[in-house]
Student: 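First the structure, which I've put down as structure tokens, then a few questions once you've had a look.
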Amino acid sequence: TSGSFVFTDPGSHHPITVWFCRPPALATNTRIVFVMHGSDSQTARQACDLAAPYIEPFNAIVLAPQFAEEYFPGDAYMFGNMIDADGNLLPKSGWALTAIERLFDMVRDEMGLHRTEYDIVGFSGGAQFVHRLALFVPEARFRRAVAASAGRYAFHSWSEKFPYGLDGSPIDRMQLPKALSRDLVVLL
């Protein structure tokens with residue numbers, strides 16, 4: 001089964017079209033896998049279509065949220081909607097990064113799933129999103145995150161300015177070890 005629905009994120013109040021594909025039968029232990037599109041939001045549906053052949057063998061629902069340019073212009077999506085156009089840090093509740101957590105809860109509740117973690121993979125602009133999720137939301141409930149071929153990275157350097165480094169970022173030195181202990185795979 002595949003299709004789409006609109007999730008209005010209570011944090012940012014922006015509608016997010018979510019493309020999905022799921023096996024014909026769900027179990028309480030069905031996994032949720034997020035597939036994050038590249039810099040062109042129109043590839044969200046394609047990302048879901050590419051993942052469709054793998055859903056039944058892995059007992060997974062694939063969700064491909066589409067962060068539309070209209071609401072997440074320029075680098076906003078790739079940077080997790082953490083900063084405004086002037087480079088000022090936005091409240092964490094409005095980050096696109098934390099929208100993933102709320103979307104996970106909504107789908108899990110509506111489908112009666114019991115898993116407490118999800119997997120997330122992104123390519124290109126989606127990889128920028130995924131590695132920032134791993135770094136700046138250390139409490140995110142992903143089991144494994146895969147960032148493939150990101151064009152830009154946030155380096156673990158306090159001498160590099162945010163959003164390309166940690167200077168002026170929302171993470172502090174006490175949170176960094178937790179962020180770096182997560183299962184993040186970076187593919188080049």
Side-chain angles (χ1 to χ4, degrees), residues 1-22 26 30-52 54-55 60-85 88-113 115-148 150-152 154 163 170:
T1 306
S2 63
S4 68
F5 61 91
V6 175
F7 171 70
T8 300
D9 178 40
S12 69
H13 306 290
H14 294 309
I16 300 167
T17 299
V18 181
W19 298 93
F20 70 90
C21 52
R22 53 168 274 202
L26 295 177
T30 296
R31 293 170 39 189
I32 294 177
V33 179
F34 287 95
V35 178
M36 306 308 294
H37 63 80
S39 58
D40 178 0
S41 67
Q42 298 306 308
T43 61
R45 182 178 183 173
Q46 293 169 336
C48 194
D49 291 344
L50 288 170
Y54 306 101
I55 60 172
I61 296 172
V62 172
L63 301 174
Q66 182 174 331
F67 289 88
E69 179 77 16
E70 175 182 356
Y71 302 109
F72 302 93
D75 291 333
Y77 159 65
M78 294 174 281
F79 289 171
N81 202 45
M82 296 174 68
I83 54 176
D84 65 18
N88 300 310
L89 192 63
L90 294 171
K92 191 172 188 174
S93 62
W95 296 356
L97 301 175
T98 57
I100 294 298
E101 293 284 306
R102 292 184 288 273
L103 178 57
F104 172 66
D105 286 335
M106 190 272 300
V107 169
R108 203 175 71 134
D109 291 347
E110 287 195 10
M111 299 291 186
L113 305 177
R115 292 223 182 222
T116 57
E117 297 175 313
Y118 56 87
D119 294 309
I120 188 166
V121 60
F123 178 76
S124 186
Q128 292 186 53
F129 182 99
V130 168
H131 91 272
R132 286 182 172 86
L133 172 72
L135 181 59
F136 296 116
V137 188
E139 72 278 8
R141 292 169 288 163
F142 66 84
R143 182 184 68 90
R144 174 169 295 136
V146 178
R152 297 172 288 180

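Values in this document were obtained by computation on a predicted structure and should not be read as measured data. Each residue takes its place number in the sequence, starting with 1.
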Student: For a quick test of reading the model, state the closest non-hydrogen atom pair linking P65 to V35 and the distance between them.
Tutor: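 P65 and V35 have their closest heavy atoms at CD-O, 3.9 Å.
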Student: Holding to side chain to side chain contact (heavy atoms under 4.5 Å, CB included), I want the full list of residues that pass it with T116, two or more places apart in sequence or in another chain.
Tutor: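 Side chain to side chain contact (heavy atoms under 4.5 Å, CB included) list for T116, sorted by chain: R108.
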Student: With a 4.5 Å limit on heavy-atom distance, are the side chains of D105 and R141 in contact?
Tutor: yes
Student: So, S12 side chain and H14 main chain: donor-acceptor pair closer than 3.5 Å or not?
Tutor: yes
Student: Can you tell me how far the SG atom of C21 sits from the CG atom of L63, to the nearest 0.5 Å?
Tutor: 8.5 Å
Student: State the CD1-CZ distance between I32 and F20, to the nearest 0.5 angstrom.
Tutor: 12.5 Å
Student: State whether the side chain of H131 and the backbone N or O of A154 hold a donor-acceptor pair below 3.5 Å, judged by distance alone.
Tutor: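 A pair under 3.5 Å: yes.
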Student: Between atom CG of L113 and atom CG of L26, what is the distance when rounded to the nearest 0.5 Å?
Tutor: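 Here the rounded value is 6.0 Å.
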Student: So, E101 and Y118: side-chain donor and acceptor under 3.5 Å apart, yes or no?
Tutor: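 The criterion, which ignores hydrogens and geometry beyond distance, is satisfied for Y118 and E101.
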Student: Not counting sequence neighbours, which residues clear side chain to side chain donor-acceptor pair (under 3.5 Å) with N81? List them please.
Tutor: none
Student: Given side chains that start at C-beta, do those of D9 and R102 come closer than 4.5 Å, heavy atoms only?
Tutor: yes
Student: Given side chains that start at C-beta, do those of R22 and M111 come closer than 4.5 Å, heavy atoms only?
Tutor: yes
Student: Is the centre of the F123 ring less than 6.0 Å from the centre of the H37 ring?
Tutor: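 No - the distance between ring centres of F123 and H37 does not fall below the 6.0 Å cut-off.
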Student: Please work out whether the ring planes of F67 and F72 are parallel, tilted or perpendicular, with thresholds of 30° and 60°.
Tutor: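 The rings of F67 and F72 stand perpendicular, inter-plane angle above 60°.
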Student: Closest heavy-atom contact between W95 and P170?
Tutor: CH2-CG, 3.5 Å
Student: Apply side chain to side chain donor-acceptor pair (under 3.5 Å) to R144 and list each qualifying residue two or more places apart in sequence or on a separate chain.
Tutor: D183
Student: Supply the atom-to-atom distance F34 CZ to I100 CD1, rounded to the nearest 0.5 angstrom.
Tutor: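 If I round to the nearest 0.5 Å, the distance is 5.0 Å.
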Student: Would you give the length of the straight line joining atom OG of S2 to atom CG of D49, rounded to the nearest 0.5 angstrom?
Tutor: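 The OG atom of S2 sits 7.0 Å away from the CG atom of D49.
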Student: Roughly how far apart are M82 CE and L97 CG, rounded to 0.5 Å?
Tutor: 6.0 Å
